[in-house]
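Here is the structure we will look at, set down as structure tokens.
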Amino acid sequence: MTYRGVPFLVTERAGSSGTEPPRASGRPLLPRRLSGIRFSTSARRSLQGRALPFVPEGASAPVAPASSGRSENAAPRLADIDPRTLFLGLLALLTIAVVSALVGTAIARFAFGYVERANSPFATSQQAVNLSTPQSAWEKGAAPQLYQTDPQWAERPYGASTLGALGAAPTCLAMAHVALSGDATVGPVEAAAYAQNNGLAQEDATPLLTDGAAGLGLSAKAVEPDEMALRSELNRGRPVICATAPGTFDEATSYIVLVRIDEHSRLVIRDPLSSERTEQHWSFDDILGNSVGLWSYTLAQ
């Protein structure tokens with residue numbers, strides 16, 4: 001007999017009458033498995049039933065692969081790591097550590113150097129701009145305050161740069177020349193032009209400050225880095241140009257003019273780079289302890 005096109009067997013069930021029609025119970029007896037398809041013998045279909053995989057008769061179910069004993073998210077074992085990859089990784093970490101140490105050291109040195117310079121008596125937060133003594137006030141016996149960074153001449157060519165960057169020595173010579181002669185026609189521009197025209201515009205200004213000074217009408221004399229020798233020259237009214245060690249008044253060697261000794265036995269100076277330092281009075285130890293050259297000047301005969 002067929003039901004919905006599917007053949008099935010009809011069985012008899014013992015009852016009060018001995019037999020029962022196949023449809024009497026309302027539940028036809030269908031085979032539970034036929035050609036790989038399962039049927040529910042219940043008239044109601046479950047709404048939560050799940051699909052079963054098709055397995056042909058006589059076929060065996062697929063066998064799940066054996067577990068390797070390690071989950072997919074487990075960390076790789078050391079034996080599984082390529083030695084070359086491990087070496088490159090360690091080399092990269094070492095490089096990063098070295099670079100970080102060098103950068104940190106450089107930053108620390110800069111910070112400590114900045115603090116040290118800020119606390120130094122030679123440090124200044126102000127550079128001279130347009131504070132030079134007016135030319136009309138230049139007079140004999142008083143060294144004017146002249147600054148290489150003055151906009152009147154700062155951008156004029158000097159050596160490999162400008163008067164504002166490298167012109168400390170000619171500016172000092174101009175101050176010494178005015179103090180000795182009172183001649184207002186020789187200032188930083190004229191002194192720098194003389195040095196430039198005679199091959200004396202160099203970072204090391206020793207040739208200009210010694211033999212070269214004669215071209216500006218001055219006679220130079222070397223002074224011993226001694227307090228008594230320095231006092232002797234200044235007490236005679238001779239201005240002294242002092243070459244200062246790098247890192248004292250500037251990052252490189254710079255030059256200042258020592259003009260006299262005040263009532264407190266301190267030095268009055270002219271610093272062509274700083275009006276603030278010019279306004280201070282300095283001890284002999286401060287100047288002599290940072291000097292790399294001293295020359296006194298008189299008018300040439």
Side-chain angles (χ1 to χ4, degrees), residues 127-223 233-244 249-250 253-260 267-275 277-279 293-301:
Q127 281 198 335
V129 181
N130 194 14
L131 301 176
S132 297
T133 303
Q135 190 173 12
S136 58
W138 296 0
E139 59 183 3
K140 184 177 181 178
Q145 297 183 18
L146 303 179
Y147 300 100
Q148 66 194 75
T149 54
D150 194 309
Q152 299 177 74
W153 46 67
E155 297 304 319
R156 290 179 176 267
Y158 183 75
S161 186
T162 63
L163 184 57
L166 297 178
T171 305
C172 286
L173 276 177
M175 289 188 276
H177 185 271
V178 171
L180 291 170
S181 68
D183 184 2
T185 64
V186 179
V189 174
E190 291 73 25
Y194 163 75
Q196 190 88 344
N197 295 334
N198 290 275
L200 299 172
Q202 306 169 14
E203 187 172 350
D204 179 8
T206 302
L208 173 62
L209 296 175
T210 53
D211 297 336
L216 294 174
L218 298 176
S219 177
K221 171 189 172 183
V223 179
E233 295 300 314
L234 292 175
N235 288 334
R236 293 180 182 183
R238 300 173 179 175
V240 176
I241 294 180
C242 172
T244 60
F249 285 80
D250 195 17
T253 300
S254 190
Y255 303 90
I256 60 175
V257 183
L258 313 179
V259 296
R260 62 183 178 87
L267 293 168
V268 178
I269 74 168
R270 299 286 186 265
D271 182 356
L273 271 174
S274 170
S275 59
R277 286 195 294 259
T278 293
E279 296 299 329
L294 293 164
W295 301 274
S296 68
Y297 294 88
T298 58
L299 289 175
Q301 300 298 326

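Between Thr210 and Ala220, the shortest heavy-atom distance links the atoms O-CB, 3.7 Å. Contact between Trp138 and Pro144 at its shortest, heavy atoms only, is CD1-CB, 3.7 Å. The two residues Ser296 and Arg238 make their nearest non-hydrogen contact at CB-CB, 4.3 Å. Across all their heavy atoms, Gly164 and Gln148 have their closest contact at O-NE2, 3.0 Å. Counting all heavy atoms, side chain and backbone alike, Val189 lies closest to Arg156 at CG2-NE, 3.6 Å. Ala201 and Gln196 get closest at one heavy-atom pair: CB-OE1, 3.2 Å.
Sparse packing is recorded around CG of Asp211, with 12 or fewer heavy atoms of other residues, nucleotides or ligands lying under 6.0 Å away. The number of heavy-atom neighbours closer than 6.0 Å to CD of Glu203, taken from other residues, nucleotides and ligands shown, is 12 or below.
For the pair Val240 and Val257, the minimum side-chain heavy-atom distance is 4.5 Å or more. Between Phe249 and Ile256, some side-chain heavy-atom pair lies under the 4.5 Å cut-off. Residues Arg260 and Leu234 form no side-chain contact, since every pair of their non-hydrogen atoms from C-beta on lies 4.5 Å or further apart. Between Pro207 and Gln202, some side-chain heavy-atom pair lies under the 4.5 Å cut-off.
Within the 3.5 Å criterion, the main-chain N or O of Tyr147 finds a donor-acceptor partner in the side chain of Trp153. Using modelled atom types, one side-chain atom of Thr244 and one backbone atom of Ser254 make a donor-acceptor pair closer than 3.5 Å. In this structure a side-chain-to-backbone donor-acceptor pair under 3.5 Å is present from Asp183 to Thr185. Checked by atom type and distance alone, the side chain of Gln135 pairs as donor or acceptor with a backbone atom of Ala184 at under 3.5 Å. With hydrogens and angles ignored, the 3.5 Å screen pairs a side-chain donor or acceptor of Tyr255 with a backbone N or O of Ala205. Checked by atom type and distance alone, the side chain of His177 never pairs as donor or acceptor with a backbone atom of Val186 at under 3.5 Å.
Side-chain contact, Asp150 with Gln152: a donor N or O sits under 3.5 Å from an acceptor N or O.
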| task | List the steps and the verdict of side chain to side chain contact (heavy atoms under 4.5 Å, CB included) for Leu209 and Leu173. | result | CA-CA 7 Å; Leu209 296 175; Leu173 276 177; 3.7 Å; yes
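In this structure, the separation between CG on Leu294 and SG on Cys242 is 4.5 Å, given to the nearest 0.5 Å. In this structure, the separation between CG on Asp271 and CD on Gln145 is 10.5 Å, given to the nearest 0.5 Å. We find the CZ-OG1 distance between Arg270 and Thr133 to be 7.0 Å, quoted to the nearest 0.5 Å. A distance of 8.5 Å separates OH of Tyr297 from SG of Cys172, quoted to the nearest 0.5 Å. How far CG of Leu166 is from OG of Ser161: 4.5 Å, rounded to the nearest 0.5 Å. The distance from atom CG of Leu200 to atom CG of Asn198, rounded to the nearest 0.5 Å, is 5.5 Å.
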